[in-house]
Every structure is written in C-alpha cells, then in structure tokens.
Amino acid sequence: MSDKAILTIDGKQYEFPVIVGTEGEYGIDISKLRALTGHITLDPGYVNTGSCKSDITFIDGEKGILRYRGIPLEQFANGPNFIEVSWLLIFGRPPTTEEYREFAEELTHEANIDEGMKHHFNSFPRKAPPMAILGSMVNALSCFHPEFLDLDDEEKFYAAAARLISKIRTLAAFAYRHANGLPYLYPNPSLKYVPNFLHMMFSMPYHHYECDDLTRDALNMIFILHADHEQNCSTSTVRMVGSSQANLFASCSAGINALWGPLHGGANVAVMEMLDRIHKGNVSAEEYVKLAKKKDSGVKLMGFGHRVYKNFDPRAKLLGEIAEKLLPKMGRKDPLLDIARRLEELCLKDDYFVERKLYPNVDFYSGILLRAIGIPTNMFTVIFAIGRMPGWIAHWWEQKHMEGAQINRPRQIYTGNGLTDYVPMPGRKYPKRG
Ligand code: SDX
C-alpha cells in the first residue's frame, strides 16, 4: 500500500501522506488539504472521518474485534473486575497489585458526595429523567471540587478520575432514590464497587441489601463491556468539549447527555420497550421485523445495527451468553429473552438485515440482564454511563495531551442565503411559517 494519496483537482495533483495504524488501518492525513487546495471534505456523521489517533481501544467492525489497550474483550470475561479495567483504560496498562489496592482504596474513600449536593437532588421533580439528573450532578461536581477544574498534573488527574468513577455510582443511586421517594443511603466503606452501588440503590435503613456473587459478577461484566468503545458519539463529545480545555467534570457531563439519545446509549431502554410491546401482544416479532424494514414506518429494530460493527458486536455475544447462564441460576425466566432470541433468529435469516450487515449490538441483551438484577428500565442508560466513565476519562486525558492538541472546530459548506439586505419589520411580507 502506498504511503501517499494523490488528489487531482482541475488537473493539478496534490499529495497527502497515508498513515497506518497498529492493526493496519489506513488514514489519509488531510490536515493540509484546505491550505493546499482551498477545498474541505464533507462527511456528514463522520462515517469516513477519523478525528484523532488513539491508543486506548481498537475495534475491527468487520471481524467483531474489541480490545482495551490491546487486550481482547473476551479475556476479561472471567478475570479482572471493573476497577482493574478502568485503571487499564485510563493509565494505559494493567495495575500492579499495589496500584490496584491503592486505587480501590481511593474509590472507597471518595464514594460519598458533599452534603450540599443532596439538596440539589431534592429540587428535581420526582419524575425527572435519571439521565437529566446524572448529567446535571456530574457537572455540579465542578462546583463542589473546584480544586480539580485545572488538571495540570498526573496526580491531580488521578485524584479527579478516582472521584468521578467513585461518585458517579452515588449520584446514580441518589437519583434513583429521589425518583422513588426513598431515603438516601450513604456508601458503605466495607463494600466493594458493585456491591456498594447496589447497597445505595436497594438497601433500606432497616434492611441491608445483600449483593450475591452472581449479581456482583454480572454487573461487573456489564460495566466492563461498556467501559470504552473508541470514538463513539458520547466519547467524541467528551473529546470535543475537552478540546476547548473545559474541565473533566463538564466534559463527562456532556458525554452523559450525548449517551442519552435513543440511537446511542438510550437504545437499551428502547430495546426493552420494543420487547415489552411484542410480549404484550401488541405486535408479533415477525410483524415488528416487517415494520423495521419499511423505510416510512419510522420503526427501527432497537439494539440492532452499528456504525462500526458489520458483524456481531462481541459485547452482545457475551451479554447474551451471560443472560442465558444467569437467569436460570437466579431462578428467573424472562419471556423477553426468548423474544430477543426469536428476533435475532429472524433477522439473521432476513436479507434486509444480512445485506445491511445489521447484527445485535451491546444494547440488545443488556436490558434483560439489568432487569434480572432488579435495575428499573429508566436507569438502564445510567448504568451504561457508569460503565463508560473510565473510557470518557481516558479519552479526555488523551485529547488534552495528544500531539498538536487544539480546539476541535469542524468546517462546513454553507448553503444558506446569498448576500441579503435587512428589511425593517413593517415592510416584511412572508408566507406563513410551517
Ligand atoms: C451504541 O458508536 C458506538 O460505538 C456506539 C456504542 C458504544 O458502545 O458507544 O456501540 C453504543 O450506541 C450502540 C447502538 C445503539 N443504537 C441502536 O440500537 C438503535 C438502532 N440502530 C440504528 O439506529 C443504527 O443501526 C445505528 C444508529 C446504530 C447505526 O446507524 P448508521 O451507522 O448511521 O447506519 P444507517 O442509519 O446509515 O443504516 C444503514 C441502513 C439504513 O437502511 P438503507 O437506507 O440502507 O435502506 O441500515 C438501516 C438503515 O435504515 N438500519 C436499520 C437499523 N439500523 C440501520 N433498519 C432497521 N433497524 C435498525 N436498527
């Protein structure tokens, strides 16, 4: 493969360097395109555009490969917990035993939130969407921890990262408690990351919620599988906001808001609503698939398809396997799992989905598992955000320290009015809007 790309415009040839990634991906470096040719590129949705070089996560969408700092996702299935994987993503290698112990201790120590933050929860309406609360409260950390607004050294970054990963659990649990009119339960320093989160979610002052090993391992795995996914919409948002040198809390709050969308992290809620509709008999699996294939139906098969994976999303595979194993062990049978399997079976044999390479993605099975653990549907995307936090933090730091770091500011092709004069109000006559 040549190390140059040639572009010919009006008979004149321009050369651009071709860069090659670790796994042989090719990129044409067009950073000099406009200066040399007066042209920009146009790529709505950035389907063909790389925003950066990154060392954090590698995805091969054709082969269904996902690696965190080079380690294949499958190797996390029976090994490390979410905290160890968070350390790996943020600091670039697995922690030593001592580093792991210190980090875990820091998370335990920093699990609580400032008492002043509790009053904010009480001011939200009971019906406030938990993702709205989470995005607001992560941003509010900028008010309660001003010492972390300017992360100019590794030690402060380490401390801020630990606070965010630890406190997002507490903020999420408090959002749930507030929405359900329940008293806030403080983090319990004798509990590990996942059991402490579930304790804050489900314990009562008179009854301690015991997190069994099955539930602990399932939620650990769910967090691990969501921990990073290179330049997805929410992570690119964190990098975009961080490129203006906005602080870590503000940038991750922006990521939470991008994740909320039903085409992105909000899909896990939409999948359960879809499966529920089919279960309640409003529509059969076959009819739903037919609807999803019709352009004008406005219906998509939620949890299916992916911008990068044109093969199975390895996370969907692992989550489906965990659900098959876990539900019977928990003595639970969820008819939605059977419906999900039925939909998968129908689509894998249907030309519409096969031709467009639409396979189950991470959101297709995650909701069934979360429901088995007792997490309510409106908290599913919140769980995604807790899992994705280490990825956002890692990318924010990488953006801040990347070679030639500058504010991200895409160009556009203007297609609006040509030069237009201002007409004073009385003289205006326009057709009715809409
Ligand atoms: C996540 O980017 C990431 O990494 C995201 C994520 C992460 O970890 O951060 O992996 C998490 O967001 C997973 C995706 C969750 N979203 C959903 O499950 C929503 C349903 N999926 C679709 O909305 C869609 O597949 C996207 C948004 C995920 C991907 O959309 P693309 O890449 O822009 O693809 P497209 O919309 O251009 O679709 C190509 C074709 C179109 O048909 P044609 O115009 O070619 O006829 O496939 C069709 C689409 O209509 N299509 C679907 C479909 N997804 C795509 N048709 C029916 N059902 C679907 N789900």
Side-chain angles (χ1 to χ4, degrees), residues 43-51 54 56-62 64-68 73 85 89 131 222-239 252 255-275 278 285 287-319 340 343-344 346-348 350-368 380-381 383-392 394-395:
D43 184 19
Y46 307 118
V47 179
N48 307 284
T49 298
S51 59
S54 178
I56 300 170
T57 291
F58 171 68
I59 299 174
D60 180 322
E62 274 60 39
I65 291 173
L66 172 53
R67 297 179 195 150
Y68 291 159
L73 192 73
V85 172
L89 284 167
M131 282 296 275
I222 289 169
F223 284 150
I224 288 172
L225 293 175
H226 286 82
D228 192 50
H229 215 237
E230 50 132 286
Q231 303 307 317
N232 60 84
C233 177
S234 54
T235 301
S236 297
T237 301
V238 170
R239 291 186 77 120
C252 290
I256 290 170
N257 293 304
L259 186 74
W260 193 0
L263 293 187
H264 189 14
N268 53 21
V269 176
V271 167
M272 293 306 273
E273 288 163 353
M274 169 182 80
L275 297 176
I278 296 172
E287 283 159 344
Y288 209 99
V289 167
K290 253 197 220 120
L291 265 177
K293 288 158 62 176
K294 275 172 72 186
K295 275 269 149 292
D296 54 0
S297 71
V299 169
K300 283 189 183 282
L301 199 66
M302 299 316 273
F304 253 73
H306 198 277
R307 172 60 57 78
V308 175
Y309 288 121
K310 300 307 170 195
N311 191 326
F312 241 88
D313 179 335
R315 302 166 298 175
K317 236 172 169 169
L318 284 167
L319 286 165
L343 282 172
E344 183 185 333
L346 287 170
C347 295
L348 295 184
D350 185 306
D351 289 347
Y352 173 94
F353 293 89
V354 173
E355 280 156 18
R356 291 166 179 79
K357 300 183 176 177
L358 302 176
Y359 293 90
N361 60 46
V362 66
D363 292 301
F364 193 59
Y365 288 108
S366 57
I368 291 164
F380 284 2
T381 313
I383 298 294
F384 194 148
I386 297 173
R388 186 52 53 91
M389 188 52 81
W392 288 334
H395 280 275

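Just so you know, residue 1 is the first one in the sequence shown, and it goes up from there. All ligand and atom numbering here is 1-based and tracks the order in the structure. FYI, side chains are in, hydrogens and waters are out, and symmetry mates aren't considered; it's all heavy atoms of this structure.
Near G305, the atoms of ligand 1 lying under 4.0 angstrom from a non-hydrogen atom of the residue are 25 (O), 28 (C).
Protein heavy atom at the shortest distance from atom 59 (C) of ligand 1 is L301 N, 3.7 Å. Summary of contacts: the protein heavy atom closest to atom 31 (P) of ligand 1 is R307 NE, 3.7 Å. When only non-hydrogen protein atoms are considered, atom 5 (C) of ligand 1 lies nearest to H306 NE2, 3.6 Å. Nearest protein heavy-atom contact of atom 11 (C) of ligand 1 is H264 ND1, 3.7 Å.
Contact analysis puts K295 in contact with ligand 1, with a non-hydrogen atom separation below 4.0 angstrom. Ligand 1 lies less than 4.0 angstrom from a heavy atom belonging to L263. Close to ligand 1: Y352, with a non-hydrogen atom less than 4.0 angstrom away. For the pair R388 and ligand 1, a heavy-atom separation below 4.0 Å is found. Distances shorter than 4.0 angstrom occur between a heavy atom of R315 and an atom of ligand 1.
For atom 1 (C) of ligand 1, the nearest non-hydrogen atom from the set D363, N268, L259 comes from D363. Selection from A292, G303, A267 by nearest heavy atom to atom 57 (C) of ligand 1 gives A292. The closest non-hydrogen atom to atom 23 (O) of ligand 1, taken over K300, K294, E355, comes from K300. The residue among V299, L358, N361, V271 with a heavy atom at the shortest distance from atom 51 (N) of ligand 1 is L358.
Evaluation of the salt bridge (Lys or Arg N to Asp or Glu O under 4.0 Å) test over residues 287-305, restricted to residues two or more places apart or in two chains, returns K293-D350.
Within 6.0 Å of OH in Y352 there are more than 12 heavy atoms belonging to other residues, nucleotides or ligands.
At least one N/O-N/O distance between F304 and ligand 1 falls below 3.5 Å.
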